[in-house]
**Student:** 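What follows is a structure written as structure tokens; I'll ask about it next.
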Amino acid sequence: MTQIYPKIKKIILDKASIALRIDRSVLNKVNFNVEKPNEEKNGEISTNISLVIQKEIKQKPSEIATKIISELKKCPEFLKVEFAMPGFINFWLDKSLWQDYLKESLSLTELIDCNIGNGSKVNVEYVSANPTGPLHVGHCRGAVFGDVLSNLLEKTGHNVTKEYYINDAGSQINNLANSVFIRYQEALGKKFTDYPDDFYPGDYLLPVARHFISEYESKLLEMNEEDRFAIIKPYTVEFMVKLIKKDLSALSIHQDIFVSEQELVSKGKIDEAINNLKNSGLVYNGVLDPPKGKIPDDWEPRAQMLFESTKYGDEVDRPLQKSNKEWTYFANDIAYHFDKYSRGSDHLIDILGADHGGYVKRMSAAVAALSDNKAKFTAKLCQMVKLTRNGKQVKMSKRSGEFITLREVIDEVGSDSIRFMMLYRKNEAPLEFDFTKVTEQSKDNPVFYVQYAHARITSVIKKLSDNNFNFNLSSFNNADFSKIDNNYEVDLIKKIADWNKVIESATNLHEPHRIAYYLYELSSVFHTLWSQGKIDRDLKFIIENNEDLTLARIGLLTLTQRTIKSGLDLLGVSAPHEMN
RNA sequence: GCGCCCGUAGCUCAGGGGAUAGAGCAACUGCCUUCUAAGCAGUGGGUCCGAGGUUCGAUUCCUCGCGGGCGCGCCA
């Protein structure tokens, strides 16, 4: 076992079991901590086991701690074990523990050792923007979040499918086709003084219109609407999906599956899913009450086909059919989620914008009903991105077509910066994205701070040959890590030892931002160590004529760099070898 | 009116029940003849929105307020 914290936890568990004469199952029941305290005076590692277990065994924490401590003092791993009020046990470790950890970690090919998923199948659906235009900047938060969460789950033993749902069946596609037809007519010389309300503005439909001109000349004008749309729709949707995939690709996002809503409809998947609900007796015809406190002007009671989502925790039952007997969007989405479940996923995760928050309970109910409570459903909501430039908000208006495309932002600030910034905030918090900050004052961008740490390490390694050191950096078996003993160096090892704990909590909580913050902190500890070399020459990494010491220090740097790299890989951010 | 999310330093935000609450930016002060100064060290700055409750212990969990964002039957 290379990981420090699990190792210490096991020792505490063993010794407490002996000292208190109780079964380990009792100790396993209480959830005690083994963690690094805030203050040095409280030790390098601390546990609250005696506080947490006091009720269970009905003894005073101080008595419990005293008993455990007397056992722990027999362990060679600890230099010192102390009691602290009201019941903490604080440890000081033998440095060799950290040194051994360094050595063992360097022999690993994979630093992340955290099999939470155990091969379970997880489906992560993200972006799923309507195929009616290019992605705009508002889409990118969910895109990056979903992508990194997927990477993380994959890394922790889940079998992940990254998925995009193409909403190509609703009325917005008719509007899209109609917009293309208007552009097509314009290209043929017709003037429009007024556009319909649901017209999609912007220039991105012009090449689509030109395609139809070159393919059909003016023949589309003579067709009836049905035939015309049958030609326009599929091509336009495909064109838009290609556009979207290209934008995603510029952000290094490549999803495994793109599922077409239209295809689900054509294959009769909607009826299939709804019949499934019907067979469970969860569908009925009824009239919903108006929303309390706010009655729409045109409210009138209507009988509709409803899904009894209240049986699964929703506030009201939800309509499956419109009054004209067409399926609602919700019905289609139920079918889509049923499809995802049928393809074998144990856990469905939807990454949604905060404006879809009202949708979560009903979908959760639907998944529970369709899978007979077998599938887990999680919705992660990303709050809005507030775009600013020089501190002033940049307004977007979809109506006028004045929105900032994702592509524009990528071109201006780069994929690495965007990805890091999108994760440098937890998903439930609104995010302010200031162009000025991430471009002109690039120094203030945390991504550079982390990348700089990575590049600096490469820089040291390059310098080795200037000093006639020729190390084999793929193996540190012969290195003597007892040389790594000053506090700045050991602090760096300790920080690296946190890596798997961070991975674990980020995975369990579905909070990838924890990785970004950790990388920043790790880089900070490294930069501090680096700077010590400027104050004290003996703390530089390369020490002339001292091969053993230099090799050990290069080992520490190598592990640091590998850790940073493994984190940046998860984030989909590049790990450069020099800054420019 | 109801539901979800948020409220922590001047600003932007971390802190999954632990000990004296942190970081970046902004302000001020030092550090490049030395492995990359996109860096480091330091100073100042807080009723963690408020009131109750659970607990040995609450910024964290629960309830109720206050303030802000989002959403609320045939849009997707």
Side-chain angles (χ1 to χ4, degrees), chain A residues 31 33 35 37-39 41-42 46 48 51-52 54-55 60-61 84-88 90 130 132 167 169-173 198 261 287-296 299-302 304 306 315-316 318-319 321-326 328-330 332-333 353-361 379 381 383-384 386 391 424-432 434 437 441-446 448-449 451-453 455-464 466-467 505 508-509 511 513-514 517 520-521 523-524 527-535 537 540-543 557 578-579:
Chain A
N31 195 18
N33 288 336
E35 60 188 11
N38 296 330
E39 308 242 355
K41 73 170 167 69
N42 293 326
S46 167
N48 62 355
L51 287 164
V52 176
Q54 57 175 311
K55 277 220 174 115
K60 280 187 186 167
M85 284 299 282
F88 295 102
N90 299 330
N130 284 342
T132 54
N167 292 128
S171 56
Q172 83 279 5
I173 297 300
D198 43 24
E261 180 184 9
V287 180
L288 289 174
D289 293 331
K292 284 181 182 123
K294 185 202 161 199
I295 297 166
W299 176 267
E300 56 181 69
R302 271 188 292 262
Q304 287 172 295
L306 300 170
E315 279 111 29
V316 289
R318 305 291 179 175
Q321 270 186 349
K322 306 176 191 175
S323 53
N324 64 7
K325 301 296 178 191
E326 279 179 25
T328 58
Y329 175 81
F330 180 47
N332 285 12
D333 218 13
D355 51 343
H356 288 69
Y359 200 66
V360 175
K361 279 186 185 171
L381 300 177
Q383 291 292 325
M384 299 302 166
K386 186 175 151 199
Y424 209 60
R425 201 106 310 169
K426 67 173 170 232
N427 61 293
E428 294 101 345
L431 188 154
E432 188 173 312
D434 194 308
K437 224 168 188 166
Q441 304 171 2
S442 63
K443 279 185 281 188
D444 298 337
N445 189 331
F448 292 106
Y449 187 83
Q451 290 180 318
Y452 185 41
R456 268 183 152 178
I457 291 171
T458 301
S459 168
V460 176
I461 289 168
K462 275 185 191 159
K463 285 277 174 192
L464 284 171
D466 293 357
N467 291 271
S505 64
N508 287 333
L509 298 168
E511 290 185 354
H513 73 277
R514 287 166 185 271
Y517 276 93
Y520 189 90
E521 290 164 12
S523 301
S524 171
H527 285 308
T528 297
L529 172 60
W530 175 290
S531 300
Q532 288 309 307
K534 288 188 171 294
I535 297 162
R537 286 188 67 91
K540 292 184 66 160
F541 301 114
I542 299 172
I543 303 295
L557 288 192
E578 55 185 28
M579 305 298 278

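We name chains A, B, ... by the order of the sequence lines, and we start the count at 1 in each one. Please read all numbers here as calculations on a predicted model, not as lab measurements.
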**Student:** Taking the six-membered ring for Trp, are A:F330 and A:Y359 parallel (under 30°), tilted (30 to 60°) or perpendicular (over 60°)?
**Tutor:** perpendicular
**Student:** Any donor-acceptor pair under 3.5 Å between the side chain of A:N48 and the base of B:G18?
**Tutor:** yes
**Student:** Counting the atoms with a prime plus P, OP1 and OP2 as sugar-phosphate, which does A:Q54 contact under 4.0 Å by heavy atoms, base, sugar-phosphate, or nothing?
**Tutor:** base
**Student:** Looking at every strand, decide which applies to A:S505 at a 4.0 Å heavy-atom threshold: base, sugar-phosphate, or nothing.
**Tutor:** base
**Student:** Roughly how far, to the nearest 0.5 Å, is the CE atom of A:M579 from the CZ atom of A:F448?
**Tutor:** 6.0 Å
**Student:** OP1 or OP2 of B:A19 sitting under 4.0 Å from any side-chain N/O of A:N38?
**Tutor:** yes
**Student:** For the side chain of A:S531, starting at C-beta, report the closest nucleotide among B:C40, B:G73, B:C4.
**Tutor:** B:C40
**Student:** Suppose we screen for side chain to side chain donor-acceptor pair (under 3.5 Å). Which residues come up paired with A:R425, at least two apart in sequence or across chains?
**Tutor:** none
**Student:** What's the spacing between A:L529 CG and A:K540 NZ if we round to 0.5 Å?
**Tutor:** 12.5 Å
**Student:** Considering every strand and a 4.0 Å limit on heavy-atom distances, what is the contact class for A:P290: base, sugar-phosphate, or nothing?
**Tutor:** nothing
**Student:** Given B:A19, B:A76, B:G18, which nucleotide is nearest the side-chain atoms of A:N33?
**Tutor:** B:G18
**Student:** Could you tell me which residues satisfy salt bridge (charged side-chain N to carboxylate O under 4.0 Å, His left out) with A:R456, sequence neighbours excluded, listed by chain and number?
**Tutor:** none
**Student:** Between A:N48 (side chain) and A:N33 (backbone), is there a donor-acceptor pair under 3.5 Å?
**Tutor:** yes
**Student:** Select base, sugar-phosphate, or nothing to describe what A:Y520 touches, counting heavy atoms under 4.0 Å on all strands.
**Tutor:** sugar-phosphate
**Student:** If we take the C1' atom in both B:U60 and B:U54, what is their distance in whole Å?
**Tutor:** 13 Å
**Student:** Provide the distance between the two P atoms, one in B:C2 and one in B:G16, to the nearest whole Å.
**Tutor:** 31 Å
**Student:** Quick one: A:R537 CZ to B:C40 P, roughly how many Å, whole number?
**Tutor:** 21 Å
**Student:** Confirm from the modelled atom types if A:S171 and B:A76 form a donor-acceptor pair under 3.5 Å, side chain to base only.
**Tutor:** no
**Student:** Has A:T528 got a side-chain N or O lying under 4.0 Å from the OP1 or OP2 atom of B:A41?
**Tutor:** yes
**Student:** Counting the atoms with a prime plus P, OP1 and OP2 as sugar-phosphate, which does A:E578 contact under 4.0 Å by heavy atoms, base, sugar-phosphate, or nothing?
**Tutor:** base
**Student:** Describe the nucleic acid contact of A:A84 in one word from base, sugar-phosphate, nothing, applying a heavy-atom distance below 4.0 Å.
**Tutor:** base
**Student:** Mark yes when over 12 heavy atoms from residues, nucleotides or ligands other than A:K60 sit less than 6.0 Å from its NZ; otherwise mark no.
**Tutor:** no
**Student:** Taking only the side-chain nitrogens and oxygens of A:R456, find out if one of them lies under 4.0 Å from OP1 or OP2 of B:A37.
**Tutor:** yes
**Student:** Would you measure the distance from the C1' atom in B:C61 across to the matching atom in B:G67 and give it in whole Å?
**Tutor:** 22 Å
**Student:** Would you please determine if the base of B:G18 is stacked by A:F88, with stacking meaning a centroid separation under 5.5 angstrom and planes under 30 degrees?
**Tutor:** no
**Student:** Quickly work out the A:F448 CZ to B:G24 C1' distance and round it to whole Å.
**Tutor:** 15 Å
**Student:** Say we look at B:G50 and B:G7: how far apart would their P atoms be, to the nearest angstrom?
**Tutor:** 13 Å
**Student:** Which nucleotide, in any strand shown, forms a Watson-Crick or G-U wobble pair with B:G22, with both distances under 3.5 Å?
**Tutor:** B:C13
**Student:** For the C1' atoms, the ones on B:G73 and on B:A58, what distance do you get once it is rounded to whole angstrom?
**Tutor:** 42 Å
**Student:** Tell me whether the OP1 or OP2 atom of B:U55 has a side-chain N or O from A:K55 closer than 4.0 Å.
**Tutor:** no
**Student:** Mind checking if A:A455 touches a base, just sugar-phosphate, or nothing, with heavy atoms under 4.0 Å?
**Tutor:** base
**Student:** My understanding is that only residues two or more places apart in sequence, or in another chain, count here; which of them pass salt bridge (charged side-chain N to carboxylate O under 4.0 Å, His left out) with A:E428?
**Tutor:** none
**Student:** For A:E511, give me all partners under side chain to side chain donor-acceptor pair (under 3.5 Å), at least two apart in sequence or on another chain.
**Tutor:** A:R514
**Student:** Rounded to the Å, how far apart are A:E261 CD and B:C75 P?
**Tutor:** 13 Å
**Student:** For A:W530 and B:A37, what is the distance between atoms CH2 and P respectively, to the nearest whole Å?
**Tutor:** 6 Å
**Student:** If you measure from CD on A:E35 to CG on A:N42, what distance do you get to the nearest 0.5 Å?
**Tutor:** 11.0 Å
**Student:** Pairs under 3.5 angstrom, nitrogen or oxygen only, protein versus nucleotides 13-15 of chain B, please.
**Tutor:**
unit_1 : atom_1 : unit_2 : atom_2 : d
B:C13  : OP1    : A:P430 : O      : 3.1
B:C13  : O5'    : A:R425 : NH1    : 3.4
B:C13  : O3'    : A:R425 : NE     : 3.4
B:C13  : O2'    : A:R425 : NH2    : 3.2
B:C13  : O2'    : A:Y517 : OH     : 2.8
B:A14  : OP1    : A:K426 : N      : 2.9
B:G15  : OP1    : A:H513 : NE2    : 2.8

**Student:** In whole Å, what separates the C1' atom of B:U59 from that of B:U47?
**Tutor:** 13 Å
**Student:** Please figure out whether A:M85 or A:G533 has its closest RNA chain B nucleotide nearer the 5' end.
**Tutor:** A:M85
**Student:** Measuring only between side-chain heavy atoms, which start at C-beta, is A:L464 closer than 4.5 Å to A:I542?
**Tutor:** yes
**Student:** Pick base, sugar-phosphate or nothing for A:K325, based on heavy-atom distances below 4.0 Å to the nucleic acid.
**Tutor:** nothing
**Student:** Given the C1' atoms of B:G10 and B:A27, what is the spacing between them in whole Å?
**Tutor:** 10 Å
**Student:** Remember a base hit wins even if backbone is also touched, and classify A:K463 as base, sugar-phosphate or nothing at under 4.0 Å, heavy atoms.
**Tutor:** sugar-phosphate
**Student:** Starting at atom CZ of A:R302, determine the distance to atom C1' of B:G73, rounded to an integer number of angstrom.
**Tutor:** 6 Å
**Student:** A:Q304 side chain to A:Q321 main-chain N or O, any donor-acceptor pair under 3.5 Å?
**Tutor:** yes
**Student:** Round to a whole Å and report the spacing from CG of A:D355 to C1' of B:C5.
**Tutor:** 12 Å
**Student:** With 3.5 Å as the limit, what N/O pairs link the protein to nucleotides 1-3 of chain B?
**Tutor:**
unit_1 : atom_1 : unit_2 : atom_2 : d
B:G1   : N2     : A:K292 : O      : 3.1
B:G1   : N3     : A:K292 : O      : 2.7

**Student:** Considering non-hydrogen atoms only, spot the tightest contact between A:L381 and A:G357 and give its length.
**Tutor:** CD1-CA, 3.7 Å
**Student:** Taking O4'-C1'-N9-C4 for purines and O4'-C1'-N1-C2 for pyrimidines, is B:C5 syn (within 90° of 0) or anti?
**Tutor:** anti
**Student:** So, does the side chain of A:N90 form a donor-acceptor pair with the base of B:A19 at under 3.5 Å?
**Tutor:** yes
**Student:** Determine the interatomic distance between P on B:U20 and the same-named atom on B:C4; round to the nearest Å.
**Tutor:** 34 Å
**Student:** Which nucleotide, B:A76, B:C40, B:U20, lies nearest any side-chain atom of A:Y449?
**Tutor:** B:C40
**Student:** Between A:K386 and A:L529, name the one whose nearest nucleotide on RNA chain B is closer to the 5' end.
**Tutor:** A:K386
**Student:** With a non-hydrogen cut-off below 4.0 angstrom, is A:N42 in contact with a base, only sugar-phosphate, or nothing?
**Tutor:** base
**Student:** Quickly work out the A:Q383 CD to B:C6 C1' distance and round it to whole Å.
**Tutor:** 7 Å
**Student:** How long is the line joining CD of A:E35 and C1' of B:G16, in whole Å?
**Tutor:** 11 Å
**Student:** Aromatic rings A:Y520 and A:Y449: how do their planes relate, parallel, tilted or perpendicular, breaks at 30° and 60°?
**Tutor:** parallel
